[in-house]
Amino acid sequence: MVAYNVPTANDVLVPETLIKKNKANAKAAEAAAADKVAARKASIDYIEILHDNAVSFAKLAKRRDLFKRAAKYHAEYKAAERKEITLRRQAKSNGNYYVPAQEKFSNSCVFCKSTTVSLSV
């Protein structure tokens, strides 16, 4: 049986370009972390300024409410899509066909040249 010598980390020569690249990447990472901390501090300072101004704070609160509502609707639509996919897969696994529900219409108006026809389905 032949014994092989596995080189250690000190025995392997690393190219200088790789060393320079690693140093540059480390320096860029430190700069990005510092920028992130500075941006976070600036946003906190901005919010503190907004607290002083009641009108701007009301706008900020309203905007947060809008985003929360939008996130809730997004979650509902995503759940509905997942449900459709699940139903379609169940039907396929049982050898059936899945027919999706029809779209809901409420008092739509159709304009034809000079007359208006009101549809309620």
Side-chain angles (χ1 to χ4, degrees):
M1 183 176 261
V2 179
Y4 292 103
N5 290 335
V6 178
T8 63
N10 294 334
D11 296 337
V12 178
L13 297 177
V14 179
E16 272 193 50
T17 54
L18 187 60
I19 294 172
K20 287 180 183 179
K21 180 183 172 189
N22 289 340
K23 284 182 182 178
N25 287 345
K27 187 183 256 186
E30 289 175 10
D35 289 343
K36 189 175 182 180
V37 169
R40 179 70 178 153
K41 186 173 190 268
S43 68
I44 290 172
D45 292 341
Y46 179 69
I47 290 174
E48 288 175 358
I49 292 169
L50 287 179
H51 282 286
D52 295 338
N53 188 352
V55 175
S56 296
F57 184 69
K59 286 182 182 179
L60 182 65
K62 184 177 180 180
R63 186 178 173 103
R64 283 185 183 151
D65 290 341
L66 290 174
F67 274 96
K68 285 180 185 177
R69 193 177 315 144
K72 185 181 85 172
Y73 287 136
H74 176 70
E76 286 179 14
Y77 285 120
K78 191 173 180 180
E81 286 180 19
R82 294 303 309 167
K83 184 178 178 183
E84 290 278 327
I85 291 170
T86 304
L87 292 173
R88 194 172 287 130
R89 287 178 180 166
Q90 284 177 352
K92 187 175 181 179
S93 67
N94 292 332
N96 297 327
Y97 294 103
Y98 174 72
V99 180
Q102 291 183 347
E103 297 291 328
K104 296 179 182 176
F105 293 105
S106 60
N107 290 336
S108 299
C109 292
V110 178
F111 295 96
C112 301
K113 291 187 182 179
S114 61
T115 60
T116 303
V117 180
S118 179
L119 300 175
S120 58
V121 177

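Position 1 is the first residue of the sequence, and the numbers go up from there.
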From [X] atom [atom1] to [Y] atom [atom2], the distance as rounded to the nearest 0.5 Å:
{"X": "Leu18", "Y": "Asn25", "atom1": "CG", "atom2": "CG", "result": "9.5 Å"}
{"X": "Leu87", "Y": "Asn96", "atom1": "CG", "atom2": "CG", "result": "12.0 Å"}
{"X": "Tyr98", "Y": "Arg89", "atom1": "OH", "atom2": "CZ", "result": "13.0 Å"}

Tell me, do Leu66 and Arg69 make a side-chain contact under 4.5 Å, heavy atoms counted?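 The answer is yes, as the side chains (C-beta and beyond) meet within the 4.5 Å cut-off.
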
Side-chain contact test, heavy atoms from C-beta onward, threshold under 4.5 Å: evaluate it for Arg88 versus Glu84 and give yes or no.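 Counting from C-beta outward, Arg88 and Glu84 do come under 4.5 Å.
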
For the CD atom on Gln102, are there more than 12 heavy atoms of other groups (residues, nucleotides or ligands in this structure) within a distance under 6.0 Å?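 Not more than 12 within 6.0 Å, no.
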
Would you say that more than 12 heavy atoms from the other residues, nucleotides or ligands in this model lie under 6.0 Å from the CD1 of Ile19, or not?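 Atom CD1 in Ile19 is crowded, with more than 12 foreign heavy atoms closer than 6.0 Å.
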
